[in-house]
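One structure is given below, encoded as structure tokens.
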Amino acid sequence: QVTKSAPVANMASSTLRGGGERLVREMTPRDSAPQSAGSTRSQDMSMTIGEMENRLLPKPSKGGRGSLPMSARELLAENKQLIEEKKEQKALARKNSREMVQKLIEEDRMKSEGIKATVQSKRSMLKDLAQQYKASITRKEEERAALKTSKKGQPLSYFPFVEGERIAKGRAAKSAVLREEMQGFLQKQREMKPPRNDPLIQDTRVDNVLLYPVVPKVQHGDAVPDEELKLVDETCPHMQRHPVFLTKARDHKSRRLYDDHVRRTLEEKVEQTKMELALQAKKRKDELATLEDSMLVADALRHDGTTAKADARRRHAMFLKEQIEEQQKRKQMEKADKKMEAAGYWGPEDKPTQSNATHRSHCHDLIKQMEVDQNRKVVDRSMRLRQEKQIVNNCLAQMELDREMEKQKIAQHREVLVTTWQSQLKLREVEE
């Protein structure tokens with residue numbers, strides 16, 4: 001037990017020594033401004049040994065061991081555990097970083113591929129659209145060229161007033177169609193209902209003539225010559241013409257064939273168009289005359305404006321020239337006036353002379369201040385060294401006291417063990 005407690009005591013002493021040095025450095029930093037000797041001495045005198053030891057002892061860790069120091073094996077195990085944890089954290093961070101980088105690279109690749117596909121589709125669509133436009137333009141050009149070649153050998157015959165002829169042709173075609181329809185209808189009606197040929201119709205015909213004798217009727221036995229017989233051709237007035245239902249139908253106005261009104265309408269339209277063309281020509285001529293007059297007026301106004309601007313520019317140039325000459329004369333006069341005056345002193349003002357005693361006294365004061373600062377630094381350093389030495393001595397004394405107490409505890413424990421062993425032996429002897 002003594003051999004095991006020795007390294008623990010050495011470790012405790014080294015821990016206390018390191019903690020004391022750290023506390024001294026914290027209490028008296030090198031970079032801080034030096035404190036006065038009186039304040040340092042008063043702090044040392046006010047602090048007791050217990051307070052110094054409480055400051056020097058390490059704070060209890062979170063593991064629950066309190067103020068007990070750790071052994072070398074426990075410290076090595078804890079350090080190994082910390083190293084393993086750090087390695088695991090580094091490996092996990094590296095793995096996460098690699099996964100993140102791989103994920104970002106994959107996302108960038110997908111985005112770039114999507115952008116490329118979009119651009120390619122747009123390009124293909126634009127190319128197809130351009131090809132379609134080009135094909136349509138080529139087709140239209142070919143149609144125009146074919147039309148030009150077909151019309152090249154034909155003479156130009158264009159007359160705008162063809163509306164009347166078209167109307168006449170349409171009416172003639174319509175009348176022919178109506179005539180054919182009427183003839184077909186009548187032929188069909190005649191076939192379906194033919195005219196009667198009974199005795200009544202035969203008796204009422206115009207050419208039906210009865211032969212009546214003029215002379216008295218002779219006996220049956222007498223022969224009468226045919227020359228003596230006379231024909232009666234006189235007929236009734238109502239029988240001298242055809243019946244109304246057999247007369248020819250009169251032409252209706254909608255079926256008239258003469259085109260005088262069409263010719264008159266076309267002539268009126270031609271006259272109206274001639275008047276409109278004459279009015280347009282007159283209006284164009286008036287517009288050209290007005291345009292020429294306005295151009296003449298604009299040219300005259302432009303010429304007047306140009307001459308006015310040139311005159312104004314000339315007057316402005318003359319005025320500027322006079323101003324420049326006046327400024328030059330004024331500068332020359334000012335320069336001549338300055339040269340006529342006597343030159344003065346342009347340097348700094350003269351200062352009164354000072355004696356060397358002031359500079360010497362100032363230098364002596366600076367030197368005294370530097371000596372005081374140096375002495376103060378030396379005193380502060382010596383005080384810090386004495387304080388550190390006192391703290392180290394107190395720590396060593398406390399460590400010696402702890403060692404003595406530990407030895408006493410060990411001896412007392414050994415004595416207790418020996419006494420217990422002896423009592424056990426006596427009891428065993430008594431039992432035997």
Handout entry: Qualifying residue for side-chain contact (heavy atoms from CB on, under 4.5 Å) with I410, from K407, Q412, E406, Q408
Key = E406
Under-4.0 Å salt bridge between [X] and [Y]:
| X | Y | result |
| --- | --- | --- |
| D311 | R314 | yes |
| E400 | R403 | yes |
| R263 | E267 | no |
| D299 | R302 | yes |

Does any non-hydrogen side-chain atom of [Y] lie less than 4.5 Å from one of [X]?
| X | Y | answer |
| --- | --- | --- |
| L147 | R144 | no |
| V379 | M383 | yes |
| L291 | S294 | yes |
| K86 | I83 | no |
| K335 | K331 | no |
| I137 | K140 | no |
| M333 | R330 | no |
| R381 | V378 | no |

Using a 6.0 Å cut-off, check whether atom [atom1] of [X] has over 12 heavy atoms from anything other than its own residue.
| X | atom1 | answer |
| --- | --- | --- |
| E326 | CD | no |
| E415 | CD | no |
| Q374 | CD | no |

Handout entry: Heavy-atom closest contact (M192 atom, P194 atom, distance)
Key = O-CD, 3.5 Å
Problem - Residues E271, E268; criterion side chain to side chain contact (heavy atoms under 4.5 Å, CB included); working and verdict - result: CA-CA 5 Å; E271 293 295 331; E268 291 177 358; 5.7 Å; no
Handout entry: Donor on one side chain, acceptor on other, Q390 and N394, under 3.5 Å
Key = yes
Spacing of [atom1] belonging to [X] relative to [atom2] belonging to [Y], to within rounding of 0.5 Å:
| X | Y | atom1 | atom2 | answer |
| --- | --- | --- | --- | --- |
| E191 | K188 | CD | NZ | 9.5 Å |
| N96 | L92 | CG | CG | 4.5 Å |
| K116 | R123 | NZ | CZ | 11.0 Å |
| K426 | E429 | NZ | CD | 9.0 Å |
| I324 | K321 | CD1 | NZ | 9.0 Å |
| R94 | R98 | CZ | CZ | 6.0 Å |

Exercise for the section: Scan for side-chain hydrogen bond (donor to acceptor under 3.5 Å, both in side chains) pairs involving residues 101-112, sequence neighbours excluded, and state none if there are none. Expected result: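 Residue pairs passing side-chain hydrogen bond (donor to acceptor under 3.5 Å, both in side chains), neighbours aside: E106-R109, R109-E113.
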Practice task
Apply salt bridge (Lys or Arg N to Asp or Glu O under 4.0 Å) to the pair E165 and K169, showing each step before the final yes or no.
Solution key: CA-CA 6 Å; E165 186 177 357; K169 288 182 179 180; 3.5 Å; yes
Handout entry: R376 vs D373, salt bridge (Lys or Arg N to Asp or Glu O under 4.0 Å): CA-CA, chis, key distance, verdict
Key = CA-CA 5 Å; R376 189 181 291 114; D373 292 338; 3.0 Å; yes
